[in-house]
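Below is one structure, written out as structure tokens; the observations come after it.
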Protein chains: 2
Amino acid sequence: MTTLKDVADQAHVSRMTVSRVINHPDKVTEEVKQLVYQAMQSLDYHPNAMARALVNNRTQIIKLLVLEEMTTVEPYYMNLLTGISKVLEEHQYALQLVTENSFEIGTCDGYIITGMRDEDYQWIKELTLPFVLFGENRYGYDFVDSDNKMGGQIGTRYAIQRGYKHLIYVGIDLAEPFEYSREAGYIQVMQENGLEPQIIRSVNHSTQIQNYISEHWSEFEENTVFISASDRLALGIERAIIAQKGSIPEQYGVIGHDSVFLDQVAFPKLTTIKQEVSKMGGLCAKMLLDKINNGNQLQGKCVIEPQLVVRGTTK
Amino acid sequence: MTTLKDVADQAHVSRMTVSRVINHPDKVTEEVKQLVYQAMQSLDYHPNAMARALVNNRTQIIKLLVLEEMTTVEPYYMNLLTGISKVLEEHQYALQLVTENSFEIGTCDGYIITGMRDEDYQWIKELTLPFVLFGENRYGYDFVDSDNKMGGQIGTRYAIQRGYKHLIYVGIDLAEPFEYSREAGYIQVMQENGLEPQIIRSVNHSTQIQNYISEHWSEFEENTVFISASDRLALGIERAIIAQKGSIPEQYGVIGHDSVFLDQVAFPKLTTIKQEVSKMGGLCAKMLLDKINNGNQLQGKCVIEPQLVVRGTTK
DNA sequence: TTGTAAGCGTTATCAA
DNA sequence: TTGATAACGCTTACAA
């Protein structure tokens with residue numbers, strides 16, 4: 001294993017100079033810097049993360065705390081994890097996936113927290129280590145999220161553009177900011193177009209909404225599009241329409257939200273508002289690392305635009 | 001932060017003695033041991049993993065290498081990760097999630113590898129660090145998997161027991177050990193019962209098998225059950241049956257395999273062969289840590305029994 | 001059985 | 001601008 005000393009010897013400088021070239025390159029002569037770079041290259045030197053961690057009192061670990069039941073939730077988190085991991089690895093950080101129960105074990109340098117419920121904001125403010133939330137919140141905490149309002153807008157605008165006459169929003173029956181934002185986007189576009197919003201809310205289960213739509217089928221005229229807050233809901237709606245022999249996408253349209261796995265499994269495949277979850281994961285990681293390296297400073301929010309993916313459930 | 005020294009001072013012994021109590025408790029007097037334990041408790045001492053890692057030349061990181069396209073694959077991996085993470089955390093290890101591309105960056109103490117294709121066995125044997133495979137293999141590498149053959153057997157036996165007359169196995173068109181094993185389980189039970197195996201193979205996409213079943217619908221007599229190699233296939237089969245107006249579960253049955261997310265999203269929910277993926281993840285981690293701590297010794301295989309979950313698609 | 005000394009690879013501090 | 005020294009918290013090797 002190549003160490004600082006090896007590089008220092010090869011470059012005929014002291015270990016400190018090599019360390020400086022790595023950490024404070026501005027405090028070293030250009031000349032010396034080149035020498036050291038060459039030595040590092042020829043020896044294939046990589047700093048020892050553990051030694052660094054020890055002296056800096058870091059763990060090089062960040063924890064991802066998921067406050068929802070992961071196994072029952074959309075395969076959302078796998079994408080998030082992929083994104084987080086990629087960035088962390090570039091910075092020689094590793095990940096620990098924790099749930100509420102195992103939260104206390106072991107130390108770390110910071111947290112990414114997701115699946116926040118309202119009551120969680122109680123204890124979260126007690127945290128001393130840097131953290132970043134995945135998912136918008138109204139308490140001023142740093143977060144990364146998709147632009148949920150825009151998501152609602154995009155879907156609604158597209159539905160209008162495609163000529164659907166009745167636009168029904170199907171939301172998740174949950175008092176969460178992301179849900180309010182998506183609804184708000186829908187409502188805004190409806191009003192801009194002189195249309196009256198019509199909203200159904202349901203728990204986020206495909207079967208429940210499927211039953212609801214079936215039971216109320218007579219209320220839905222032809223040329224209706226269901227703009228839903230999740231692909232899970234969209235899947236159930238789609239199944240209800242098929243069961244009721246409504247034709248998709250001609251008589252009835254369905255627009256999902258998220259584009260994580262379920263949209264692909266649906267048949268026909270869902271038109272949906274895609275969130276780039278993996279990208280958001282990477283941004284969470286970046287934000288957190290910045291926070292760790294800058295004295296836990298407030299980072300603000302980071303919101304990225306969702307995209308419309310047109311597939312088989314809209315005309 | 002409490003250190004060895006603090007504990008040593010409190011217990012009126014040297015730092016070495018404390019270290020010994022932790023790492024070689026047999027080499028310390030019972031008396032002294034108790035003193036040290038008390039001091040550790042009263043000071044809430046936790047060894048610094050980084051310092052340990054440094055002196056032992058460890059990274060305290062293990063990498064999970066996923067050789068499949070994670071985003072398109074079943075939400076299988078989230079469960080695996082949960083299981084792995086739990087065990088790793090108990091042992092102060094952290095995880096890095098890597099794909100083929102990012103494989104080289106950074107060091108670690110060992111790998112858990114999954115999604116192995118045949119060609120991967122070429123380069124895997126070159127690995128010098130300890131590794132454990134998730135998924136059975138025929139090359140003698142240590143692995144953890146569900147008992148796939150038993151999975152095939154369980155499903156088939158249950159189908160016979162429930163009185164289905166025609167048992168068709170729907171496999172994944174892939175030359176992988178897990179697939180062979182599941183088929184073998186099916187075939188064995190069929191032969192034991194004097195029945196003739198009938199096998200269909202398809203790529204693991206719900207839509208493809210759905211089309212296939214629909215196109216060949218006339219070939220499937222009533223009282224047929226489809227025993228499938230994945231929930232994804234089962235979902236497609238179920239949809240085809242419904243589209244063809246076959247009644248589930250009376251005239252036609254469907255049995256899935258895996259029980260990860262999709263079985264719950266299906267309607268009716270799938271009867272399926274459940275794999276305890278999270279548990280398997282934990283076992284992978286345990287096996288790997290053992291390997292790391294025991295000079296990379298061969299660990300053999302670890303196979304756990306799948307379970308039948310009866311839901312709406314069988315009578 | 002216990003303690004002392006040295007060192008793991010790095011960085012901050014201070015002196016040159 | 002560069003280098004010597006001490007320190008981070010722990011463990012191995014050796015001595016008492």
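Order of the sequence lines fixes the chain letters, A, B, ..., with proteins taken first and strands second; residue numbering starts at 1 for each chain. Just the heavy atoms: all of them, side chains too, but no hydrogens, waters or symmetry mates, feed the values below. All of these numbers come straight from a predicted model, not from anything done at the bench.
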Taking any atom under 4.0 angstrom from a heavy atom of chain B, which nucleotides of DNA chain C are the first and last to qualify, 5' to 3'? C:dT1 to C:dG9
Contacts of A:Gln60 meeting side chain to side chain donor-acceptor pair (under 3.5 Å) (sequence neighbours excluded), chain-then-number -> none
Given a 3.5 Å cut-off on both pairing distances, which stems involving DNA chain D, each at least three consecutive Watson-Crick or G-U pairs, are present, if any? C:1-16 with D:1-16
Applying side chain to side chain donor-acceptor pair (under 3.5 Å) to A:Thr17 and not counting sequence neighbours gives A:Ser14
A:Asp6 meets the salt bridge (charged side-chain N to carboxylate O under 4.0 Å, His left out) criterion, sequence neighbours left out, with none
What salt bridge (Lys or Arg N to Asp or Glu O under 4.0 Å) pairs are there with at least one residue in residues 277-293 of chain B, not counting sequence neighbours? B:Asp142-B:Lys291
Starting at the 5' end of nucleotides 6-16 of chain D, put B wherever the base has a protein heavy atom under 4.0 Å, S where only the sugar-phosphate does, and a dash everywhere else. --BBBBBB---
Between A:Thr29 and D:dT1, does any side-chain N or O lie under 4.0 Å from OP1 or OP2? no
Pairing residues for B:Phe131 by the ring-ring contact (aromatic ring centres under 6.0 Å, His included) criterion, not counting sequence neighbours: B:Tyr141
Sequence-distant partners of A:Ser278, side chain to side chain donor-acceptor pair (under 3.5 Å), two or more places apart: none
Side chain to side chain donor-acceptor pair (under 3.5 Å) against B:Thr59, all qualifying residues, sequence neighbours excluded: B:Asp109
If you look only at pairs with a residue in residues 128-140 of chain A, which of them pass as a salt bridge (Lys or Arg N to Asp or Glu O under 4.0 Å), with sequence neighbours excluded? A:Asp118-A:Arg138
Is it true that a side-chain atom of A:Thr2 and a backbone atom of A:Leu43 form a donor plus acceptor pair closer than 3.5 Å? yes
Inter- and intrachain pairs under salt bridge (Lys or Arg N to Asp or Glu O under 4.0 Å), touching residues 26-40 of chain B, at least two apart: B:Glu30-B:Lys33
